[in-house]
Amino acid sequence: MTIMFNKHRPGPPDAETPPRHIRITDLDAGYPGRPVIRQLTADIPALAMTTLVGPNGSGKSTLLGVLAGVITPTSGRLRYAQGRPPAFVPQRGAVGDALPLTARQTVEMGRWGERGLWRRPSRHDREVVDSAMARLGVTDLAARQLGELSGGQRQRVLIAQGLAQQSDLLLLDEPTTGLDPGSRERITVLLTDLVADGTTVVQATHDLEAARAADACLLLGDGRLVGQGPPEQVLTPTALSRIWQPA
């Protein structure tokens, strides 16, 4: 089934090898008076780690927002494999420090789509939240205020919130930006483990080291697709020089 901008109605899986989780065709997207993505056609492989790579302003976050359903395209088609709606983990800066939320309350927000905003958490909800927090190693942070956490701790709490949505498609916007090397490595290992357990992961990044460790990448420049495929084939000096200008 071809889906016109509906991110929550699944289409049938494609009978191809490797299987696709998402097919993007002739996509245009942006903001009022400011187009960002232009005529982009690409595939996101299933059960793999895909990175959206490019410099600031290349369209990574916009494309991720379209995939998450928070940005409506102006034209084009999206086709999803069978599965639940995607889980979206925004940049750490998109979640305000002023909100009086504990780490556990933040993770519990991942259950709102399943049970609604005003219903009390069920036993199943609590079990899912417990499992997500344990998986990300943040159980001991449950009572801490989100704004009090370090960058790495906060990012793991936000990923636990995404995991609590129990989706088979996890979308992350710059999950390791601004973190120390130890925190970056820990999150990379966690995401790799999620893929091994059956989750398709897509992350936007300008970190070439993280991009080269992925299974696949989409290289973006000025809102257009420059290349797609395995990192070693896409992230070549020639391709990178086309989109990254020397400082």
Side-chain angles (χ1 to χ4, degrees), residues 7-8 21 47 49-52 61 64-65 67-71 83-180 182-205 207 210:
K7 314 306 180 296
H8 305 299
H21 198 111
L47 306 179
M49 173 81 72
T50 296
T51 53
L52 310 179
S61 294
L64 201 67
L67 299 180
V70 299
I71 296 176
R84 297 169 64 90
F88 179 44
V89 179
Q91 292 188 37
R92 286 178 294 131
V95 181
D97 287 333
L99 294 175
L101 293 173
T102 65
R104 184 175 182 86
Q105 289 169 333
T106 301
V107 178
E108 287 175 344
M109 290 170 64
R111 300 301 299 161
W112 286 1
E114 188 77 18
R115 64 176 173 83
L117 177 58
W118 304 114
R119 291 176 55 192
R120 293 177 59 84
S122 66
R123 177 178 178 180
H124 176 66
D125 290 326
R126 292 191 294 271
E127 289 174 347
V128 169
V129 169
D130 288 343
S131 176
M133 296 188 74
R135 182 71 184 269
L136 273 297
V138 294
T139 301
D140 60 332
L141 305 176
R144 299 265 307 272
Q145 293 288 311
L146 189 63
E148 298 174 351
L149 303 181
S150 69
Q153 291 171 333
R154 180 179 174 133
Q155 190 62 53
R156 284 187 284 130
V157 167
L158 293 177
I159 296 174
Q161 181 193 93
L163 199 60
Q165 297 177 49
Q166 294 189 303
S167 175
D168 59 355
L169 173 60
L170 182 62
L171 309 172
L172 307 103
D173 196 359
E174 302 282 2
T176 60
T177 296
L179 302 184
D180 62 84
S183 295
R184 289 201 302 269
E185 175 65 20
R186 184 169 187 176
I187 287 174
T188 297
V189 170
L190 288 167
L191 295 178
T192 301
D193 288 345
L194 289 177
V195 171
D197 288 346
T199 301
T200 298
V201 175
V202 182
Q203 62 168 315
T205 184
D207 182 344

Quiz prompt | Closest non-hydrogen atom pair, Ser167 against Pro85 | solution = OG-O, 2.8 Å
Exercise. Report the C-alpha distance between Leu191 and Leu172 in whole Å, list the side-chain angles of each, state the deciding distance to 0.1 Å, and finish with yes or no for side chain to side chain contact (heavy atoms under 4.5 Å, CB included).
Key: CA-CA 10 Å; Leu191 295 178; Leu172 307 103; 4.1 Å; yes
Quiz item: Does any N or O in the side chain of Arg111 come within less than 3.5 Å of the main-chain N or O of Ala164, such that one atom is a donor and the other an acceptor?
Solution: yes
Practice problem: Determine yes or no for a side-chain-to-main-chain donor-acceptor pair under 3.5 angstrom, with Thr205 supplying the side chain and Asp207 the backbone. | Solution: yes
Quiz item: Which atom pair, heavy atoms only, marks the closest approach of Thr102 to Gln145?
Solution: CG2-NE2, 3.7 Å
Exercise. Test Arg144 against Val157 for side chain to side chain contact (heavy atoms under 4.5 Å, CB included), laying out the working first.
Key: CA-CA 11 Å; Arg144 299 265 307 272; Val157 167; over 6 Å; no
Practice problem: List the steps and the verdict of side chain to side chain contact (heavy atoms under 4.5 Å, CB included) for Arg154 and Leu146. | Solution: CA-CA 7 Å; Arg154 180 179 174 133; Leu146 189 63; 4.0 Å; yes
Quiz item: Yes or no on side chain to side chain contact (heavy atoms under 4.5 Å, CB included) for Arg104 and Arg126, after CA distance, side-chain angles and deciding distance?
Solution: CA-CA 10 Å; Arg104 184 175 182 86; Arg126 292 191 294 271; 4.1 Å; yes
Practice problem: Ignoring hydrogens and angles, tell me if any N or O in the side chain of Ser131 forms a donor-acceptor pair with the backbone of Glu127 under 3.5 Å. | Solution: no
Self-check item: Any donor-acceptor pair under 3.5 Å from Asp125 side chain to Ser122 backbone
Solution: yes
Quiz item: Which heavy atom in Val89 sits nearest to a heavy atom in Gln155, and how many Å separate them?
Solution: CG1-NE2, 3.7 Å
Practice problem: Using a 4.5 Å cut-off on heavy atoms from C-beta on, say whether the side chain of Phe88 contacts that of Leu67. | Solution: no
Self-check item: Minimum heavy-atom distance Ala87-Gly162, with the two atoms named
Solution: CB-O, 3.4 Å
Quiz item: Taking side chain as C-beta onward, heavy atoms only, is Val202 less than 4.5 Å from Leu52?
Solution: yes
Quiz item: So, the side chain of Thr199 versus the backbone of Leu169: is there a donor-acceptor pair under 3.5 Å, distance only?
Solution: no
Practice problem: Can you see which heavy atom on Pro175 is nearest to which on Ala204, and at what distance? | Solution: CD-O, 3.8 Å
Practice problem: Let me know which of Thr177, Leu158, Asp173 forms a side chain to side chain contact (heavy atoms under 4.5 Å, CB included) with Gln91. | Solution: Asp173
Quiz item: Rounded to the nearest 0.5 Å, how far apart are CD of Gln203 and CD1 of Ile159?
Solution: 8.5 Å
Quiz item: Can you find a heavy atom in the side chain of Met109 that is under 4.5 Å from one in the side chain of Leu101?
Solution: yes
Quiz prompt | From CG (Leu47) to CG (Leu194), nearest 0.5 Å | solution = 12.0 Å
Practice problem: Work out which heavy atom in Gly152 is nearest to a heavy atom in Ser183; give both atom names and the distance. | Solution: CA-OG, 3.8 Å
Self-check item: Minimum side-chain heavy-atom gap Asp130-Thr139 below 4.5 Å
Solution: no
Quiz item: Just how far is it from atom CD1 of Ile187 to atom OG1 of Thr192, taken to the nearest 0.5 Å?
Solution: 11.5 Å
Quiz item: Quick one: does Arg156's side chain have a donor or acceptor within less than 3.5 Å of a partner on Leu136's backbone?
Solution: yes
